[in-house]
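Whatever order the structure lists them in is the order used to number ligands and atoms, beginning at 1.
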Amino acid sequence: MSDKVVLAYSGGLDTSVAIKWIKKKYNLDVIALTINVGNERDFSTIRQKALDVGAIKALVVDAKGSYVNEYVFPALQADALYEGEYPLATALARPLMAKLLVDTAREEGASVVAHGCTGKGNDQVRFEVSINALAPDLKIIAPAREWGMTREQTINYAQRYDIPVPITVASPYSIDENLWGRSIECGVLEDPWVEAPEEVFTWTRSVGEAPDKPEYVEIGFEKGIPVTVDGQQLDGVSLIQRLNELAGRHGVGRIDHLENRLVGIKSREIYEAPAATALLQAHQALEAMTLSKSQLRFKQKVAQEYADLIYNGLWFTRLHQDLAAYVQSSQRFVTGTVRLKLFKGGCPVVGRKSPFSLYNYGLATYDKADVFDQSASPGFIHIWGLPVKTQAQVQPVADSE
Ligand code: ARG
């Protein structure tokens, strides 16, 4: 009896060819594992295809709930945005997929796992570093990195072995999608000077087509987690789906990012992430109201570290656990409601409220309700400015070169 391998199976050309290729090259029985993270597809057809191509078993796991609750929401609480642009949809899904590969390998008694990533991207790193962290004993194979076939040769291989070639193969774009966002690469997008053509977008309307009337949406948060839309309680998956639709209709969440990959190259990426864009904006607005100035300053540094570690495949590390503990603690009072105005590609924050608001009307107002003691200001300025004054007396600023 041959040993078994669990393959992360998308149903696309590469992973379908991989089922056959692995069997021939390594003589391993392939168990196909398809993971649903909100990339809505016909999963029963995908499953059947895996079996038709030669998998001994084909599993489909609905992981939308764990994706949202264990990966996306912690990243939202951290305000993770890679290079200030990319909400990390793909990068967040990979550690979850790696974990499910490992779990399945254990259940099925397989000593090998496989993924369909090429040797040029970030995803191979995320898969393999995550697998190493969870199961250092498992062997990993990466057919699409090993076989050295061009796109055309892969199609020929498929035809030779009666593997159905999906019509999407005709599309010049490489697309990955899940609930938190959609990424589009290749084709004309590889010229960073060329504007992304309208055809690459499927979740968002163009600004021109977006409604001429603004729409308001209120998002309620509890401890940094979004729980309501316009007062209606929703589970995380439905909440994100609702916002993708709502914000997408107004053209919110198109991102054109010239990105620094972990493997050392710059690549041009187009993203659509309506819900992520709206939620990150709303969450930050609520933090601005409920965290102190110094908490906010420190948290911004954490946010960047957090985004980098997600991007760089370091989800299953002690560093992540440490940062996550800080983030959780920081969210204790991030409860309240934010109102966004969806209009022509933007979603500015136009209102916020919280039972834990640090905004104090009596201190802020210029009306008669003012309780701020202005007579204390001269003393404050005297001491605050003391080192500046002392230095200026001996080293006049005006004189300096
Ligand atoms: N550049 C993004 C990232 O590294 C998106 C990658 C999309 N992956 C893919 N296999 N098409 O997270």
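In this structure, the protein non-hydrogen atom closest to atom 4 (O) of ligand 1 is Asn122 ND2, 2.7 Å. Asp123 OD2, 3.0 Å is the protein heavy atom nearest to atom 10 (N) of ligand 1. Among protein heavy atoms, atom 1 (N) of ligand 1 sits closest to Glu259 OE2, 2.7 Å.
The residues Arg249 and Glu215 are annotated as salt-bridged, a charged nitrogen and a carboxylate oxygen being separated by less than 4.0 angstrom. Between Asp29 and Lys23 there is a salt bridge, with a side-chain nitrogen of the basic residue lying less than 4.0 Å from a carboxylate oxygen of the acidic one.
Heavy-atom contacts from other residues, nucleotides or ligands closer than 6.0 Å to CD of Glu198 number more than 12.
Side-chain N/O atoms of Tyr26 and Glu146 include a donor and acceptor closer than 3.5 Å. Donor-acceptor pairing under 3.5 Å is lacking for the side chains of Tyr82 and His257.
For Lys24, the side chain to side chain contact (heavy atoms under 4.5 Å, CB included) test picks out Lys20, Tyr157, Tyr161, with sequence neighbours left out. Not counting sequence neighbours, the partners of Thr34 by the side chain to side chain contact (heavy atoms under 4.5 Å, CB included) test are Tyr9, Phe43, Ile46, Val60.
Around atom 6 (C) of ligand 1, the closest heavy atom drawn from Glu177, Glu185, Arg182 belongs to Glu185. Comparing Arg94, His257, Glu269, Arg126 against atom 3 (C) of ligand 1, the shortest heavy-atom distance belongs to Arg126.
Within the 4.0 Å heavy-atom cutoff, Tyr86 counts among the residues contacting ligand 1. By the 4.0 Å heavy-atom criterion, Ser183 is counted among the residues contacting ligand 1.
In Tyr271, the part holding a heavy atom less than 4.0 Å from any atom of ligand 1 is the side chain.
Interface of Ser174 with ligand 1, defined as ligand atoms under 4.0 Å from a residue heavy atom, comprises 11 (N).
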